[in-house]
Amino acid sequence: MEKKPQRQAKRRPQPKKRPVKKRRPKKRKRKVTWKGRIRRLIASLVFLAIVFICFVLGLVIIYARQAPALDNNYLISSGTTTIYDRQGQKIFSLGLQKRQPVKANEIPSQLADAVTSIEDRHFYKHFGLDPVRILGAAVADLKHPDRALQGGSTLDQQLIKLSYFSTKKSDQTFKRKAQEAWLALQLDHQYSKADILKFYVNKVFMGNGIYGMQTAAKYYYGKDLADLSLAQTATIAGIPNAPSTYNPYSDLQKATKRRNTVLKAMLANKKISQPAYLAAINEDISSGLVPKASHAQSQTNQKAILADPYLKQVLSSAKQAGYDPYRSDLKIYTNLDMQVQTKLYQLANSNELAYPNDQLQVGASVVDPKTGAILGMIGARKVDNVTFGFNRAVQTSRTNASTAKPLFDYAPAIEYLEWPTYHELDDGPYTYAGTDKELHDFDNRHLGKMTMQDALIQSRNIPAIRALEAVGITRAQNFISQLGFTYPNNLELQNGIGLPSSSLQNAAAYAAFANGGTYYEPSYITKIVLPAGETRKFTSKKKQVMQASTAYMITAMLKDVIYSGAGTGRAASIPNFYQAGKTGTNAYPADVTTNFPSDALMDAWFNGYTKNFSVSVWMGYDNPYQPNHYLTPAQSQLPIEFYRHLIEAISQGLPNQDWARPSDVATKVINGKTYYYLTADDDDASDSFSVPASSSSSLGGFASTTTSSATSSLSSASASSATSSLNSNSSQISSQTSQTSVTSSSQTSSSQASLTPSSSSSEETLTP
């Protein structure tokens, strides 16, 4: 048998052998030397410097694009700001002397040498910026970062700053400096050095209302610039650095030191010889100086005298808005009503009121409730015709006594707790929680249960504090903060009978009652016209801070303060006139009463308003602890009389309108008196409560509101139940209230003299 050949097993393909990689020898790490590290550090720093420089340049470009355009009107503007009243009539111009500009070829070389030596010794060599001075200033800034940016400014930059920017140190920011530098470069490119120097010499402020060096030469020395001695020229050249300090009328010693600094700079700059320098520094600074008395207010017009306190606040307000009236040629249009201002001045300085002496001072403000416009203010009486004297109308170092009660106590109670005006309050003994300090009224009596309305009309202290206690300090303080009363610390219960405040704050706050609950931030300025003709308009910020019902109910009660028989403000009553108001007085602290009569008063207030005006008047002495510097109860009526004379005069020819009652406010007659409540609280209206019989239900004029249909719809049973729960001593209370003295019923007792979180209002003095 034939054998089959055997199959040979197939060989599996052998995997290819991977080539063996030869291991590369490990590289040796290079040893990093100190030199290498330094090179890397330098390279990093260079890179960061380039990035930083690029960032700064980019920022400079952005700021430069935002800079104002170079305008000849700004460079030649006189800086003589003019202020106008609300009718557009001129009141006052800042410059006391008419400016006398000089032409470029009229500037004496001696003055040019003095100015450039002290202000910019490289003036004729640089291109608007001086890199050497800038670098020096930068080094100084690095050494003293806590200070304002140092002066590396050229005359070009100073002229730009005077023409366009604020001179305040706080405004010397990088952005401002960048824009200033950019405009200085353009200035140097477009104008000659002679023209730039001319602009500067004619523009700078020279103190005492004087602008321009030629005007200053005439004012201080009675000469032209060309006729001044070397020492006098150096004096003039040194004034612009600090005009109020270095002018020779302000401080001879400082003016001399500054003059000698200028002379030393001229010597160092080789503009004068050593003998000339020595002769000049030895010259008396008073040599050739015109006596200051010869300039005595001869150019102050009558309008400026009348409006002095108002003008002071206008200039301050303009600065806060970013405009410097002392540098720019501005036209400032204000809300000043000269009729109101004239009457304020007359009342303060004439014999129309029986002031006890010339030392008694006044601070009063008038605000338009519809707009917040400040129509007038008086800050002093019986003072010389000073320009921008001390203004007591805006000082907040005295407390407003019982005029705080509607603001801090009762309005929040109506707003947050929805109290009706007949809400019962207890005029019983009261001690401040956590203390042994007992609260008293002027008469040291307690009248028992009474309505909120009667408590406010009679200005009782204890019910007011109980109302504040019910509302809570936090809510009450939040409420008045919307009315312009802001404080760094939390207030206390004692502040329910006195808030540190000014007459302007009070007038603006009470205006919110007059207009239905809207607070307007008080404003002086309507518009500012800039040198090139641009106009910036201003309006008062407004905010609804309370319900119209709250404002109306407070107003209804404050009408009775004036027209009720028990009201403390009856001296303000005018027949057939719609108005409301509140009195306030501060007594002396208990520890000083031995030096004064027991009924002596430190402060007297009256806040009153109509639909057209809101007025606040304060009277007192600057130093109330001096002998005889106190008010008697009779003299505490002076602010009320001041208000009555004022409001009667300025209301002539204007609509005499009552306030319309909101639909959610209803009225209720109890014991012949009209009370007010929110219709949402109708259930509360019929609750049983104790109401003292009215001491007097008659109202002067026609300030009381006619009983509404809502009142008539109340059943006689409801009215009967409301009054039947009078406590047993109601007749006694009625008897007591009828005997209340209107003269001093709003006094704050000395036992509650601590009216601020930190100190007693009775101990605060107003020092000019």
Side-chain angles (χ1 to χ4, degrees), residues 335 365-375 400 403-421 423 452 456 467-468 470-487 491 499 501-526 537-559 578-582 607-616 655 657-667 676-681 705:
N335 287 310
S365 300
V366 183
V367 170
D368 184 344
K370 298 181 289 296
T371 64
I374 304 169
L375 303 177
N400 61 357
T403 64
K405 292 172 182 175
L407 300 164
F408 198 39
D409 307 335
Y410 296 124
I414 297 173
E415 182 76 6
Y416 300 129
L417 305 180
E418 299 185 347
W419 282 4
T421 66
H423 181 86
M452 174 174 68
L456 180 55
L468 175 58
V471 172
I473 291 292
T474 300
R475 281 199 295 187
Q477 189 162 352
N478 288 339
F479 183 83
I480 62 169
S481 69
Q482 299 180 88
L483 290 167
F485 298 94
T486 57
Y487 303 98
L491 297 176
L499 293 165
S501 56
S502 68
S503 70
L504 179 59
Q505 286 177 308
N506 281 272
Y510 270 68
F513 295 142
N515 65 35
T518 299
Y519 176 75
Y520 288 88
E521 185 176 337
S523 62
Y524 297 95
I525 299 173
T526 59
K537 295 184 178 181
F538 297 82
T539 56
S540 298
K541 296 179 181 178
K542 67 176 183 176
K543 183 179 181 181
Q544 187 76 23
V545 297
M546 69 184 86
Q547 299 294 324
S549 55
T550 300
Y552 179 83
M553 291 168 72
I554 290 291
T555 296
M557 292 190 289
L558 294 183
K559 283 182 183 179
Y578 296 110
Q579 60 175 332
K582 184 69 188 76
N607 294 345
Y609 57 91
T610 66
K611 294 191 75 173
N612 299 312
F613 304 102
S614 179
V615 181
S616 177
Q657 296 177 327
D658 196 3
W659 288 268
R661 179 162 53 84
S663 59
D664 59 344
V665 176
T667 61
Y676 304 85
Y677 66 95
L678 294 170
T679 53
D681 284 342
T705 305

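This chain uses plain numbering: 1 for the first residue, then up along the sequence.
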Any donor-acceptor pair under 3.5 Å linking the side-chain atoms of E521 with those of S540? no
Does T518 use its side chain to pair, donor to acceptor, with the backbone of K543 at less than 3.5 Å? no
Checking salt bridge (charged side-chain N to carboxylate O under 4.0 Å, His left out) for the pair K611/D368: CA distance, chi angles, key distance, verdict? CA-CA 9 Å; K611 294 191 75 173; D368 184 344; over 6 Å; no
Indicate whether the side chain of S616 and that of S503 have a donor and an acceptor atom separated by less than 3.5 Å. no
Between the main-chain N or O of G517 and the side-chain N or O of N515, is there a donor-acceptor pair closer than 3.5 Å? yes
So, for L558 and P406, which heavy atoms are closest and what is the spacing to 0.1 Å? CD2-CG, 4.0 Å
Supply the atom-to-atom distance M546 CE to I554 CD1, rounded to the nearest 0.5 angstrom. 8.0 Å
Would D664 and T679 count as a side chain to side chain donor-acceptor pair (under 3.5 Å) if you check the C-alpha gap in whole Å, the side-chain angles of each, and the deciding distance to 0.1 Å? CA-CA 5 Å; D664 59 344; T679 53; over 6 Å; no
Minimal heavy-atom distance between Y510 and T403, with the atoms involved, is OH-O, 2.6 Å
Taking the side chain as everything from C-beta on, heavy atoms only, tell me whether I480 gets closer than 4.5 Å to L491. yes
Drop me the distance from T550's OG1 to E418's CD, to the nearest 0.5 angstrom. 8.5 Å
Are P369 and N612 side-chain neighbours, meaning at least one heavy-atom pair lies under 4.5 Å? no
Taking the inter-plane angle between the rings of W419 and H423 on a 0 to 90° scale, is it parallel (under 30°), tilted (30 to 60°) or perpendicular (over 60°)? parallel
F408 CZ to S501 OG distance, which is reported to the nearest 0.5 Å: 12.0 Å
Minimum-distance pair of heavy atoms, taken over all atoms of L407 and P412: O-CD, 3.3 Å
Is D409 reaching over with its side chain to a backbone N or O of A467, donor-acceptor style, under 3.5 angstrom? no
I'd like to know whether the aromatic ring centres of Y609 and W659 sit less than 6.0 Å apart in this structure. yes
Decide side chain to side chain contact (heavy atoms under 4.5 Å, CB included) for Q505 and L483; before the verdict, give the C-alpha distance in whole Å, the side-chain angles of both, and the deciding distance to 0.1 Å. CA-CA 8 Å; Q505 286 177 308; L483 290 167; over 6 Å; no
Decide yes or no on side chain to side chain contact (heavy atoms under 4.5 Å, CB included) for Y552 and R661, but give the supporting numbers first. CA-CA 7 Å; Y552 179 83; R661 179 162 53 84; 3.4 Å; yes
Drop me the distance from K537's NZ to I525's CD1, to the nearest 0.5 angstrom. 15.0 Å
Hey, what do you get for OH (Y677) to OG1 (T421), rounding to the nearest 0.5 Å? 10.5 Å
Starting from the C-alpha separation in whole Å, work towards a yes-or-no answer on side chain to side chain contact (heavy atoms under 4.5 Å, CB included) for I414 and M557. CA-CA 12 Å; I414 297 173; M557 292 190 289; 4.0 Å; yes
Passes side chain to side chain donor-acceptor pair (under 3.5 Å), T610 versus Q579? Steps please. CA-CA 5 Å; T610 66; Q579 60 175 332; over 6 Å; no
Any chance you could measure Q544, atom CD, to Q482, atom CD, to the nearest 0.5 Å? 10.0 Å
Closest non-hydrogen atom pair, V367 against A508: CG2-N, 4.3 Å
In short, Y676 meets A556 closest at the heavy-atom pair CE1-CB, 3.4 Å
Hey, mind stepping through K370 and Y520 against side chain to side chain contact (heavy atoms under 4.5 Å, CB included) and telling me if it holds? CA-CA 8 Å; K370 298 181 289 296; Y520 288 88; 5.9 Å; no
Is there side-chain contact between K542 and Y519, with heavy atoms separated by less than 4.5 Å? no
For V545 versus F479, what's the shortest heavy-atom pair and its separation? O-CE1, 3.8 Å
Ignoring hydrogens and angles, tell me if any N or O in the side chain of E415 forms a donor-acceptor pair with the backbone of Q547 under 3.5 Å. yes
